[in-house]
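Here is the structure we will look at, set down as structure tokens.
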Amino acid sequence: MSLEKYFPVAEAMARLLHPHGETVVHDLETGKIAAIYHNLSKRKVGDESLIEMLADYAKLPDVFPVYEKMNWDGRKMRSTSATLRDDLGNAVGLLCINLDVSQ
């Protein structure tokens, strides 16, 4: 299944959150980044998603709890993700939203 139908949603969210927000679409089939908007993390399309800890895709929540992390440059970020599903309800991707809260 193509994740491209989610790209406009990710782009719209990044535009709204600019200059403090980044959105990333992760492809669970390939384990790679499928799209990234307002890149704050210096990652790029095709990079590894680094989501190995999500072993059982059948048990992914629709929305992940908000968590904090540090960006590559030391800025404090708050993040959450939404599971993207196909028409049968199977997890096929993640839409991750990363917000710079260092200000």
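FYI, the numbering just counts along the sequence from 1. Worth saying up front: this structure is predicted, and the values here are computed from it rather than measured. Reckoned from all heavy atoms, side chains included, excluding hydrogens, waters and symmetry mates.
- Within 6.0 Å of atom CD in Glu4, 12 or fewer heavy atoms from other residues, nucleotides or ligands are found, so the atom counts as exposed in its surroundings.
- The hydrophobic clustering, which links ILVMFWY residues whose side-chain heavy atoms are closer than 4.5 Å, places Leu17 and Ile36 apart.
- With hydrogens and angles disregarded, a donor-acceptor distance shorter than 3.5 Å links the side chain of Asn71 to the backbone of Leu40.
- At distances below 3.5 Å, at least one donor-acceptor pair connects side-chain atoms of Glu22 with backbone N or O atoms of Ser41.
- In this structure the side chain of Leu28 never reaches within 4.5 angstrom of the side chain of Val92, judged on heavy atoms.
- In this structure the side chain of Asn98 reaches within 4.5 angstrom of the side chain of Lys69, judged on heavy atoms.
- Following chains of ILVMFWY side-chain contacts shorter than 4.5 Å, one can reach Val9 starting from Ile97, so the two form part of one hydrophobic cluster.
- Scanning for side-chain hydrogen bond (donor to acceptor under 3.5 Å, both in side chains) contacts around Asn39 gives an empty result, with sequence neighbours left out.
- Partners of His20 according to the ring-ring contact (aromatic ring centres under 6.0 Å, His included) rule, which considers only residues two or more places apart in sequence or in another chain, do not exist here.
- Partners of Thr83 by side-chain hydrogen bond (donor to acceptor under 3.5 Å, both in side chains), not counting sequence neighbours: none found.
- Under the 4.5 Å side-chain criterion, counting only non-hydrogen atoms from C-beta, Lys44 is not in contact with Ile33.
- For Val101, the side chain to side chain contact (heavy atoms under 4.5 Å, CB included) partners are Lys76, Arg78, Leu99, not counting sequence neighbours.
- Here the straight-line distance linking atom OH of Tyr37 with atom CZ of Arg15 works out to 9.5 Å at 0.5 Å rounding.
- Hydrophobic cluster membership is shared by Val45 and Val24, with clusters built from Ile, Leu, Val, Met, Phe, Trp and Tyr side chains linked at under 4.5 angstrom.
- Here the side chain of Thr80 pairs a donor or acceptor atom with the backbone of Phe64 at under 3.5 angstrom.
- Residues Leu95 and Tyr6 form no side-chain contact, since every pair of their non-hydrogen atoms from C-beta on lies 4.5 Å or further apart.
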*Check the pair Arg85, Asp62 against salt bridge (Lys or Arg N to Asp or Glu O under 4.0 Å), reporting the backbone distance first and the verdict last.*
CA-CA 9 Å; Arg85 301 184 186 279; Asp62 288 335; 3.0 Å; yes

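- With sequence neighbours excluded, no residue forms a side-chain hydrogen bond (donor to acceptor under 3.5 Å, both in side chains) with Thr30.
- Partners of Lys32 by salt bridge (Lys or Arg N to Asp or Glu O under 4.0 Å), not counting sequence neighbours, listed by chain and number: Glu48.
- Tracing side-chain contacts under 4.5 Å through hydrophobic residues (I, L, V, M, F, W, Y), one never reaches Val63 starting from Leu94; they form parts of separate clusters.
- Looking at heavy atoms from C-beta onward, Thr23 lies out of side-chain contact with His38 at the 4.5 angstrom threshold.
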